Amino acid sequence: MDVSELDRILLAGAAVLLVAIVAIRLTGRFGLPSLLIYLLMGLLLGESGPGGIHFEDAQLAHALGFAALVVILTEGGLTTRWNEVRPVMPLGVVLATLGVAVSVGVVACVAHYVLGLDWQTAVLIGAVTSPTDAAAVFSVLRRVPIKPRLRGALEAESGLNDAPTVLLVTLVSTGEVGEKGLVYFSGLVIYELVVGALFGFVIGWLGVASIRRVALGSAGLYPLAVLSVAIISYAGGSVLLHVSGFASVYVTSLILGRAELPHRMATRSFVDGIAWLAQIGLFVMLGLLASPDRIGWDDVVVALVIGVTVTVVARFASVALSAVPFRLPWNDQAFIAWAGLRGAVPIVLATIPLAEGVPHADRVFDVVFVLVLLFTLLQGPSLPWVAKRLKVLDENASYEVDIDVAPLESLGADMLQVHVPSESRLAGVEIGELRLPGGVSVSLVIRGDRAFVPDLRTVLRAGDSLLVVAPSPLRDQAVRRLRAVSRAGRLAGWFGERGREPR
């Protein structure tokens, strides 16, 4: 590759990226996951479209797909609200294990007995189509104000169910499931999930402790440090312990996202941008890998049958069985079932049998590609309407303040950057009514295009940004107090709200 060729690649890549960024606004307006636009862009750029790019390296697509999923899971874990996920984490784990097993079994039986596919192909289709997609779930559900426990359960499931399905698809593709049996596979899944989660917890804890104590030379280094810790969790778990790197990186990201790290909001913004880049690249690449000329009407029929089975029959059955110990109301179960969005994950998983050279792997990929396109187009826009009909909307949802931490090492203090959203009960509270710990002060209020030093009688308004200086030992107390007032108003503390994560 010479410089002129590199220039052409950069020009084409930047143009595709800008078009994809503009498409985000279009898809958001109609409630569509942006993957649809990106997949179509890949199809247009591919050999069957006007772009004419020939790409059929399944092994490269497999490797790049996994790399993109690592970044997407990292962003999902960092931005997930721990207070929503923790109470429903057991339900998320059951959905990601027992729920996946039920879904795989139902789909495989339909594919074999109804469609006449051989057992290996039937199980592959069941395994590939069973997991929900983190990128699709995170992007769509966070625009729908549903009950926090439902959002937490769906996010936990989508973050955890990649691990067992990747293992199942890999073992089926290589023929190891048939050789070693179901008991071996079950034990391996338990080992990879449990040890992977523990490894992720340890790496996350060490990462938080290190980043808090090390004063980096630039604010831009903190996001890089957080992303590096997450990638170490994935790669270290996979290489050193042979456990699920996806489980490790998701747990690590949850811990990093929960911690009050320096420049927390800047870190989230940086990782969010990297995750968008990973999603765009992933979906465009998968669109390039697909070949519309190869897809026949029989593949479309199979995709429709499998899609209806996995979306209506298998998904509802898996949610109903998984929810038995938790006594969820029927409307909550119905919404969780319908909101199990498929996206890039099934298509990425379909590259595994392609890379392994499994018979009929190209048909599995084509069926899954068509299924994802059709049913994402159906489910995504319908979620707000379904949530309203099932009465699972959280009409009174209020959002906590966003707090970023900038260290002032030489003074032994931290500066908290606080934004007051319109839903926060900080609006209307006087500075003196915050009752911040002694030694903590609100040094500046930024209101519109004006900045001023407040006094104790200054009333906060929605949209204000505050700079709060706190001695380092009092930082956590100040953060808890600000969050308590944002949730419960000026009387927080008198009625039990102290800004801690709910149990």
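All values below come from the heavy atoms of this structure, side chains included, with hydrogens, waters and symmetry mates left out. Values in this document were obtained by computation on a predicted structure and should not be read as measured data.
Inspection of the W205 and T252 side chains reveals no N or O donor paired with an N or O acceptor under 3.5 Å. Side chain to side chain, D118 and T121 meet the donor-acceptor criterion of an N or O pair below 3.5 Å.
Applying the salt bridge (charged side-chain N to carboxylate O under 4.0 Å, His left out) definition to pairs two or more places apart or across chains, those involving residues 311-331 are E157-R315. Residue pairs meeting the salt bridge (charged side-chain N to carboxylate O under 4.0 Å, His left out) criterion with at least one member in residues 226-238, sequence neighbours excluded, do not occur.
The shortest heavy-atom contact between E192 and L167 is OE2-CD1, 3.8 Å. Pairing each heavy atom of G237 with each of S248, the nearest pair is CA-OG, 4.4 Å. Minimum heavy-atom separation, P381 to T376: CD-O, 3.8 Å. Between L95 and S322 the shortest heavy-atom distance is CD2-CB, 3.7 Å. Looking at every heavy atom in both residues, S173 comes nearest to Q120 through O-NE2, 4.2 Å. The minimum heavy-atom distance between Q379 and G340, with the atom names listed, is NE2-O, 4.0 Å.
Separating the OH atom in Y222 from the CG atom in L261 is a distance of 9.5 Å, to the nearest 0.5 Å. We find the CD1-CZ distance between I295 and F365 to be 8.5 Å, quoted to the nearest 0.5 Å. Between the CZ atom of F375 and the CD1 atom of I306 there is a distance of 10.0 Å, given to the nearest 0.5 Å. Going from atom CG of L39 over to atom CD1 of I347 covers 5.0 Å, rounded to the nearest 0.5 Å. Taken from CZ in F283 to CE in M41, the straight-line distance is 12.5 Å, to the nearest 0.5 Å. How far CG of D133 is from CG of L69: 7.5 Å, rounded to the nearest 0.5 Å.
Under a 3.5 Å cut-off, the side chain of S103 and the backbone N or O of V100 do not form any donor-acceptor pair. Although no hydrogens or angles enter the test, the distance criterion places no donor-acceptor pair under 3.5 Å between the side chain of S210 and the main chain of G207. Under a 3.5 Å cut-off, the side chain of Q333 and the backbone N or O of L328 do form a donor-acceptor pair. Proximity of a side-chain donor or acceptor of S130 to a complementary backbone N or O of A127 within less than 3.5 Å is not detected. R212 places no side-chain N or O within 3.5 Å of a backbone atom of A259 that could act as its donor or acceptor partner.
Using the six-membered ring where Trp is involved, W119 and H112 have ring planes that are parallel, under 30° apart on the 30 and 60° scheme. Using cut-offs of 30° and 60° for the angle between ring planes, the F246 and F66 rings count as perpendicular.
Side-chain contact check for F55 versus L60: some heavy-atom pair is nearer than 4.5 Å. Using a 4.5 Å heavy-atom threshold, the side chains of V392 and N331 count as touching. Residues F369 and D299 are not in side-chain contact: their nearest non-hydrogen atoms beyond the backbone lie 4.5 Å or more apart. By the 4.5 Å heavy-atom criterion applied to side chains, L206 and V202 are counted as neighbours. Side-chain contact check for L150 versus V88: every heavy-atom pair is 4.5 Å or farther apart. With a 4.5 Å cut-off on side-chain heavy atoms, L282 and M285 count as touching. Side chains of S244 and V166 form no contact here, defined as non-hydrogen atoms less than 4.5 Å apart. The shortest side-chain heavy-atom distance between V367 and V128 does not fall under the 4.5 Å cut-off.
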Query raised in the report: Given T311 and W338, is the side chain to side chain contact (heavy atoms under 4.5 Å, CB included) satisfied, shown in steps?
Result: CA-CA 7 Å; T311 304; W338 185 250; 3.8 Å; yes
Report task. Just do the side chain to side chain contact (heavy atoms under 4.5 Å, CB included) check on L354 and D362 with the steps written out, would you? Result -> CA-CA 6 Å; L354 273 178; D362 53 348; 4.2 Å; yes
Report task. Take L17 and I280 through the test side chain to side chain contact (heavy atoms under 4.5 Å, CB included) and record every step on the way to the result. Result -> CA-CA 7 Å; L17 183 59; I280 293 169; 3.7 Å; yes
Query raised in the report: After noting the C-alpha distance and the side-chain angles of S158 and T132, does the key distance pass the side chain to side chain donor-acceptor pair (under 3.5 Å) rule?
Result: CA-CA 5 Å; S158 64; T132 57; 4.8 Å; no
Requested in this report: Report the C-alpha distance between T309 and T129 in whole Å, list the side-chain angles of each, state the deciding distance to 0.1 Å, and finish with yes or no for side chain to side chain contact (heavy atoms under 4.5 Å, CB included).
Outcome: CA-CA 10 Å; T309 301; T129 57; over 6 Å; no
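With D332 as the partner, the salt bridge (Lys or Arg N to Asp or Glu O under 4.0 Å) test is satisfied by one option alone out of K391, R151, K147: K147.
In terms of the side-chain hydrogen bond (donor to acceptor under 3.5 Å, both in side chains) criterion, S253 has no residue partners (sequence neighbours excluded).
Residue F316 qualifies as enclosed at atom CZ: its count of foreign heavy atoms under 6.0 Å is above 12. The 12-atom threshold is exceeded at CZ of R294, counting heavy atoms of other residues, nucleotides or ligands nearer than 6.0 Å.
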